[in-house]
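Computed from heavy atoms alone, side chains included, the values below leave out hydrogens, waters and symmetry copies. If you read the sequence from its start, that first residue is 1, and numbering goes on from there.
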Amino acid sequence: MKRAKPRKTLSKTVDLLALADIVERFEGKRVVILGDFVADYFQYGEITRVSREAPVLILRHRETRILPGGAANAANNLLALGARVLPVTAVGDDAAGDSLIESFREKKVDVSGIRRAKDHVTPVKTRFLAGWTHTVGQQVLRVDYEPQTPLAAAGRNEIDRLLRARLKNADALAISDYGFGVVTPETARRVAGKKSKYVITLDSRYDLSSYRNAGVSAATPNEAEMEALHHTTIGRNVVELERCGRSTLNNLKLSSLVVHGSDQAVDVTGAGDTVLAAYTLGLASGASPLEAAHIANIAGGLVVMKRGTATVSRSELLEEIHKAASGVPS
């Protein structure tokens, strides 16, 4: 995703200072985040030599970092942007689940909506980054640990109960479906019938089309997901992008759709989570879909310049908007 160009207006109809006013209203918005919480492990090591056992690098372990990923990263981005976050999810009765719960408890988030399921495994993505002293580590391998069975019926019923309770006073519901079974289109349909004044946004990694008639207001797929959904290649073909976008918008009966990419990025890890968070808060704060899309674009452009699973704060977003409004290059 490209960073916003420094100019007073991003289009003929969007005023940057108006965007700043919208971002100021992010503070305190109640957003329920429903989805698959993932633990992102980053294993950093220094390259010592090539193994004699196989043509692979040997890394001397330097440090391990554990960060919230998946829907948990979307929740972190919502927090960083000023929202009051109400997570609803299930994690395994394991060390990864412990680390996710503790990370949000430390941020004073109500974790009572995070269910511990003995029949569930917390998804873990372990990235190995190699480098030498005083160099930036490069990812050389990723190992994923995923649940092998869906949530049991009792667990799914509990998710529904937790979700209904937290939606009573919500400004928005953000759904982050990474395909690990915590959220399904049926879950969305069950709560859509009780929809009040909150918006429902969706980021679905593999199953976007199945959310048709699920009450979703807006979706934020990336370009690769759109290509997979429509069995096409978009690249720089704006006509094809618009065709795919309009088809998705109509088929899913959405009010709006944001398709994001990753041009000129340092690291796209979790960029979609930032886009989902910023777009959701924009809509919940009274922005038009176009205004919310511009806000999400700026936030996404900031986060892809960071390494690893990262967030964008409200102050960073406001600073970038004000720089653009004043003509100061980023």
Taken to the nearest 0.5 Å, the spacing of Gln138 CD from Arg307 CZ works out to 6.0 Å
(Q) Between Asp98 and Arg116, is the salt bridge (Lys or Arg N to Asp or Glu O under 4.0 Å) condition met? List the steps. (A) CA-CA 9 Å; Asp98 291 340; Arg116 300 300 295 262; 2.8 Å; yes
| task | Before giving the answer on side-chain hydrogen bond (donor to acceptor under 3.5 Å, both in side chains), spell out for Thr311 and Asn77 the whole-Å C-alpha distance, their side-chain angles and the decisive distance to 0.1 Å. | result | CA-CA 5 Å; Thr311 62; Asn77 273 274; 5.0 Å; no
**Prompt:** Can you check side-chain hydrogen bond (donor to acceptor under 3.5 Å, both in side chains) on Thr309 and Asp40, steps first, answer last?
**Reply:** CA-CA 8 Å; Thr309 307; Asp40 280 352; 2.7 Å; yes
task = Please say whether the positively charged group of Arg65, taken as NZ for Lys or CZ for Arg, lies over the ring of Tyr44, i.e. under 6.0 angstrom from the six-membered ring centre and within 45 degrees of the axis.
result = yes
Heavy atoms of Glu227 and Gly235 approach each other most closely as OE2-N, 3.6 Å
Carboxylate-amine/guanidinium contact Asp93 Lys118, below 4.0 Å: yes
query = Between the side chain of His230 and the main-chain N/O of Cys244, is any donor-acceptor distance below 3.5 Å?
reply = yes
d(Leu252 CG, Ser209 OG) to nearest 0.5 Å is 7.0 Å
Next item on the list: Check the hydrophobic clustering (I, L, V, M, F, W, Y; side-chain heavy atoms under 4.5 Å; chains of links allowed) and say if Leu86 and Ile175 are grouped together.
Entry: yes
_Ion pair check, Asp203 and Arg205, cut-off under 4.0 Å_ = no
* Flag yes if more than 12 heavy atoms outside Arg246 fall under 6.0 Å of its CZ atom; otherwise flag no. => no
Rounded to the nearest 0.5 angstrom, the CD-CD1 distance for Glu319 and Ile298 is 12.5 Å
- prompt: Would you say Pro185 and Asp207 make side-chain contact, with heavy atoms under 4.5 Å?
  reply: yes
*Would you call Ser217 and Leu254 a side-chain contact if the rule is heavy atoms closer than 4.5 Å?*
no
Taken to the nearest 0.5 Å, the spacing of Ser103 OG from Ile66 CD1 works out to 10.0 Å
| Quick one: does Glu291's side chain have a donor or acceptor within less than 3.5 Å of a partner on Ser288's backbone? | yes
**Prompt:** Given the side-chain rings of Tyr206 and Phe180, with only the six-membered ring counted for Trp, is the space between their centroids under 6.0 Å?
**Reply:** no
Heavy-atom side-chain proximity of Arg190 to Leu163 below 4.5 angstrom: no
Please assess Ser204 against Tyr178 for the test side-chain hydrogen bond (donor to acceptor under 3.5 Å, both in side chains), listing each intermediate value before the final yes or no. CA-CA 6 Å; Ser204 178; Tyr178 272 75; over 6 Å; no
Flag side-chain contact, heavy atom, 4.5 Å: Phe26 against Leu78: no
- Under 3.5 Å, side chain of Arg30 to main-chain N/O of Arg84, donor-acceptor pair present? no
Exercise. Charged N to carboxylate O below 4.0 Å: is that the case for Arg156 and Glu186?
Worked result: no
Note to self: If hydrophobic clusters are built by linking Ile, Leu, Val, Met, Phe, Trp and Tyr wherever their side-chain heavy atoms come under 4.5 Å apart, do Val143 and Val121 end up in the same one?
What the structure shows: no
Closest non-hydrogen contact found for Phe37 with Thr122 is O-CG2, 4.1 Å
Taking a hydrophobic cluster as the set of Ile, Leu, Val, Met, Phe, Trp and Tyr residues connected by side-chain heavy atoms closer than 4.5 Å, whether directly or through intermediates, do Leu276 and Leu317 fall within one such cluster?
no
Nearest heavy-atom contact between Val31 and Ala83 is CG2-CB, 4.2 Å
- prompt: Is there a side-chain hydrogen bond (donor to acceptor under 3.5 Å, both in side chains) between Gln43 and Thr126 once you walk through the steps?
  reply: CA-CA 7 Å; Gln43 302 280 3; Thr126 302; 5.7 Å; no
Tightest non-hydrogen contact, residues Val275 and His260, listed as CG1-CD2, 3.9 Å
Under the side chain to side chain contact (heavy atoms under 4.5 Å, CB included) rule, what do Thr187 and Asp160 come out as? Steps first, then yes or no, please.
CA-CA 7 Å; Thr187 308; Asp160 283 1; 3.6 Å; yes
Hey, are the side chains of Leu59 and Thr48 touching, using non-hydrogen atoms and a 4.5 Å cut-off? no
Inset, instruction - Indicate yes or no: does Glu316 engage Lys306 in a salt bridge with an N to O separation below 4.0 Å. - result: yes
Note: Leu249 and Ser255 closest approach over all heavy atoms is CD1-C, 4.1 Å
Between Asp171 and Arg25, is there a side-chain N and carboxylate O pair less than 4.0 Å apart? no
* Is there a donor-acceptor pair under 3.5 Å between the side chain of Asn251 and the backbone N or O of Ser247? -> yes
Nearest heavy-atom approach of Thr89 to Gly35 is OG1-O, 2.6 Å
key: Residue pair Asp177 / Asp36, side-chain heavy-atom distance below 4.5 Å   = yes
- prompt: Do Ile58 and Ile47 sit in the same hydrophobic cluster, where Ile, Leu, Val, Met, Phe, Trp and Tyr count as joined when their side-chain heavy atoms come under 4.5 Å apart?
  reply: no
(message) Please determine whether residues Tyr198 and Leu162 belong to a single hydrophobic cluster, defined as Ile, Leu, Val, Met, Phe, Trp and Tyr linked transitively by side-chain heavy-atom distances below 4.5 Å.
(response) yes
Quiz item: Are the side chain of Ser285 and the backbone of Gly282 linked by a donor-acceptor contact shorter than 3.5 Å?
Solution: no
The reported gap from CG in Leu34 to CD1 in Ile159 (rounded to nearest 0.5 angstrom) is 7.0 Å
Task: Neighbour count >12 (heavy atoms, 6.0 Å) for atom CD, Glu53 - done: no
Exactly one candidate in Ile200, Val88, Val216 meets side-chain contact (heavy atoms from CB on, under 4.5 Å) with Leu173; the answer is Ile200
* Do the side chains of Ile234 and Met226 get nearer than 4.5 Å, heavy atoms only? -> yes
Interatomic distance, CG@Leu16 vs CD@Glu320, rounded to 0.5 Å, equals 10.0 Å
Between Asp119 and Thr149, is there a side-chain heavy-atom distance shorter than 4.5 Å?
no
